[in-house]
2 protein chains.
Amino acid sequence: MSIQSPIPVRDVSFRGLRQSCSNCSLRELCLPIGLNQDELRQLDTIIAQGRPVKRGEALYRAGEPFRSLYAVRLGFFKASVISEDGREQVTGFHMTGELLGMDAISTDFHTCDAIALEDSEVCELPFADIETLARDVPALQHHLYKVMSREIVRDHGVMLLLGNMKAEERLAAFLLNLSQRFAVRGYSSSSFHLRMTREEIGSYLGLKLETVSRTLSKFQDQGYIKVQNRLIELVDVDSLKRLLNSCQG
Amino acid sequence: MSIQSPIPVRDVSFRGLRQSCSNCSLRELCLPIGLNQDELRQLDTIIAQGRPVKRGEALYRAGEPFRSLYAVRLGFFKASVISEDGREQVTGFHMTGELLGMDAISTDFHTCDAIALEDSEVCELPFADIETLARDVPALQHHLYKVMSREIVRDHGVMLLLGNMKAEERLAAFLLNLSQRFAVRGYSSSSFHLRMTREEIGSYLGLKLETVSRTLSKFQDQGYIKVQNRLIELVDVDSLKRLLNSCQG
DNA sequence: ATCCGAACTTGACCTGAATCAATTAAAATG
DNA sequence: CATTTTAATTGATTCAGGTCAAGTTCGGAT
């Protein structure tokens, strides 16, 4: 658990294959380097064309049978578990190049909802086909294990956050994590638009929406950030990092 | 997320191969049915003989290079991340038949410590070998994906617990989860020995040890359980379940 | 543009769990 | 067996964040 990245960045390795890929961001971000031409072609035959998902729509819902993983090609998703009494636990936010649906392999049913927070597009990856191909392509097999492992590590980071951190630390960790993930994708790391509500942030961080709002205001008063509705500008990143250092070295 | 199992039980499927396995509990609990004689033999050549780990010893520590997964053959482990200022976040407790170390695949380094909470024994599973074998044995390949997926689902359950539940609900969920996992292994579900300290329980549940202690006492006063140091007897399971129902249906 | 509902902010107050502190009980150790 | 150390309980107090409530702003629809 590094200082800069309490919530580990995920699925951002193995970029640089843009040139060989027209129909899907999958290879840019999610698939291992080291596939040859033929293997790439095989992969192409498996991957369904991009599927649009409108803002507010579900890519899948808990309880639905599992067929495919999805790679976010464009846009922004939240994944969440809803308890029967209506409370929501957001388990993650997912942006371009990240993989959704790995929790479903376990039972062959999806265990959470994936909702688009803006108009998005995904690549569907039929898991059975991917698995079959992985048998012949060790690099692919290994990379799938890696991506799943990374998800586990990320989840452990969230547990640390939920179990040990105070509200300010959680928010700082959250903002820095988003910042870093935008940066990796070539967007500004110091200025970005939150796609989710305060309530969704709160759900993810184990806080109430009022606390999220108050803490953002506090950060603004202290000159750490500027908040304009959902537009966030990180003014003093070092101070945000210092907030974290005190708690996780 | 079912009522009975807010923290999903893990790695307990695929039992019943006991007869064909002498050196390792791995196959009983972790490996898929449907391997033929030859495949089983191949697996045997990969799996190192049981390795004992004394109470208090580390099976591995964060930062160590990753070579193998470990199946708990006997005993009890905690897995935890330690922050630099010394605070510990327990990410899980692991008992017979469960797999440890999957978080390390991601970076080829272990990201957490695995400490034996009682004298234990593990089977070492060199990951490179397992992966190679998995290529020829689709059932094994699939099962590994499944086990990792199950870990992700479990982690989401813990997030729900840490993000949404009150102290009493967390403790109830914890006790019911342990109870269920002991039951699956043929031990009493109503009476069991806690292998971990109040502090370790607290770390896992995002509570302080005093709160754990107080809440256990409260449960005892209400007649839900009997506590004798680390020996727990579940007297009124339904009431414990009711505590959870109110929060997650 | 104007309206309306959803999202956000801010304040006042309350409460559940943390903290601090003092015993007590139970394991380890010689 | 006695001694030391570690773990657990319980009480008193504090405080971070939740809850309740009132107002404001924003964004989408007409």
Side-chain angles (χ1 to χ4, degrees), chain A residues 54-57 78 86-90 115 117-119 161-174 193-222 225-232 243 246-247, chain B residues 54-57 78 86-90 115-119 161-175 193-222 225-232 243 246-247:
Chain A
K54 282 244 155 47
R55 188 175 118 87
E57 270 182 25
K78 73 168 175 184
R87 272 185 294 180
E88 175 181 49
Q89 174 67 38
V90 171
I115 312 285
L117 296 183
E118 62 183 25
D119 290 352
L161 177 142
L162 291 172
N164 276 303
M165 294 190 187
K166 297 203 184 308
E168 288 190 21
E169 297 167 335
R170 295 183 196 190
L171 244 310
F174 176 71
H193 182 80
L194 298 175
R195 271 73 171 182
M196 69 297 279
T197 66
R198 305 288 192 260
E199 189 170 25
E200 285 161 342
I201 297 172
S203 169
Y204 183 57
L205 298 179
L207 302 170
K208 292 295 158 184
L209 69 97
E210 293 96 329
T211 305
V212 173
S213 180
R214 266 186 252 275
T215 307
L216 288 176
S217 298
K218 193 173 181 183
F219 283 173
Q220 181 166 240
D221 293 347
Q222 291 173 321
I225 66 176
K226 277 185 189 157
V227 187
Q228 260 180 320
N229 198 28
R230 295 198 182 174
L231 187 72
I232 299 285
L243 266 180
S246 66
C247 92
Chain B
K54 281 242 155 47
R55 188 175 119 86
E57 271 183 24
K78 71 168 176 184
R87 271 184 294 181
E88 176 183 47
Q89 174 67 38
V90 173
I115 311 285
L117 295 183
E118 62 183 24
D119 291 352
L161 179 141
L162 292 171
N164 276 302
M165 293 192 189
K166 297 202 183 308
E168 288 189 22
E169 296 168 335
R170 295 183 197 190
L171 243 309
F174 176 70
L175 293 175
H193 183 79
L194 298 175
R195 272 73 171 180
M196 69 296 279
T197 66
R198 304 289 192 259
E199 189 170 24
E200 286 161 340
I201 297 172
S203 170
Y204 183 57
L205 298 179
L207 303 169
K208 292 295 157 185
L209 69 97
E210 293 96 327
T211 305
V212 173
S213 180
R214 265 186 252 275
T215 307
L216 288 176
S217 297
K218 193 172 180 184
F219 283 173
Q220 181 165 240
D221 292 348
Q222 292 172 318
I225 65 175
K226 277 185 190 158
V227 187
Q228 258 181 320
N229 200 29
R230 295 197 183 176
L231 187 72
I232 299 285
L243 266 177
S246 67
C247 93

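In what follows, every chain begins at residue 1, and chains take the letters A, B, ... in the order their sequences are listed.
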CZ of Arg214(A) to CG of Leu207(A): how many Å apart, nearest 0.5 Å?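 Reported value, rounded in 0.5 Å steps: 11.5 Å.
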Rounded to the nearest 0.5 Å, what separates atom OG1 in Thr211(A) from atom CZ in Arg198(A)?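 So the OG1 of Thr211(A) and the CZ of Arg198(A) are separated by 13.0 Å.
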[N] phosphate, OP1 or OP2, under 4.0 Å from [X] side-chain N/O:
| X | N | value |
| --- | --- | --- |
| Lys208(A) | dT19(D) | yes |
| Arg230(B) | dA8(D) | yes |
| Thr211(B) | dA18(C) | yes |
| Arg55(B) | dA28(C) | yes |
| Asn229(B) | dT9(D) | no |
| Ser217(A) | dT10(C) | yes |

Protein-nucleotide distance ([X], atom [atom1]; [N], atom [atom2]), rounded to Å:
| X | N | atom1 | atom2 | answer |
| --- | --- | --- | --- | --- |
| Leu207(A) | dC8(C) | CG | P | 15 Å |
| Glu210(A) | dA6(C) | CD | C1' | 15 Å |
| Arg198(A) | dT25(D) | CZ | P | 15 Å |
| Arg195(A) | dA7(C) | CZ | P | 17 Å |
| Leu205(B) | dG16(C) | CG | P | 19 Å |
| Leu216(A) | dT25(D) | CG | P | 18 Å |
| Leu209(B) | dA7(D) | CG | P | 10 Å |
| Met165(B) | dG18(D) | CE | P | 16 Å |

Which residue, Val227(A) or Lys166(A), contacts DNA chain C at a nucleotide closer to its 5' end, judged by nearest heavy atom?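 Its nearest nucleotide lies further toward 5', so the answer is Val227(A).
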Applying a 4.0 Å non-hydrogen cut-off, can you work out what Gly206(B) is touching in the nucleic acid: base, sugar-phosphate, or nothing?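 The residue Gly206(B) makes sugar-phosphate contact but no base contact.
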Sidechain-backbone polar pair: Arg170(A) side chain, Leu205(A) backbone, donor-acceptor under 3.5 Å: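 A pair under 3.5 Å: yes.
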Is there side-chain contact between Thr197(B) and Arg230(B), with heavy atoms separated by less than 4.5 Å?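 Result yes, sub-4.5 Å side-chain heavy-atom pair found.
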Considering only heavy atoms from C-beta outward, does the side chain of Phe219(A) approach that of Leu243(A) to under 4.5 Å?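 Yes. Closest side-chain heavy atoms under 4.5 Å.
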Indicate, yes or no, whether a donor-acceptor pair under 3.5 Å links the base of dG11(D) to the side chain of Arg214(B).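 Checked by distance alone, the answer is yes.
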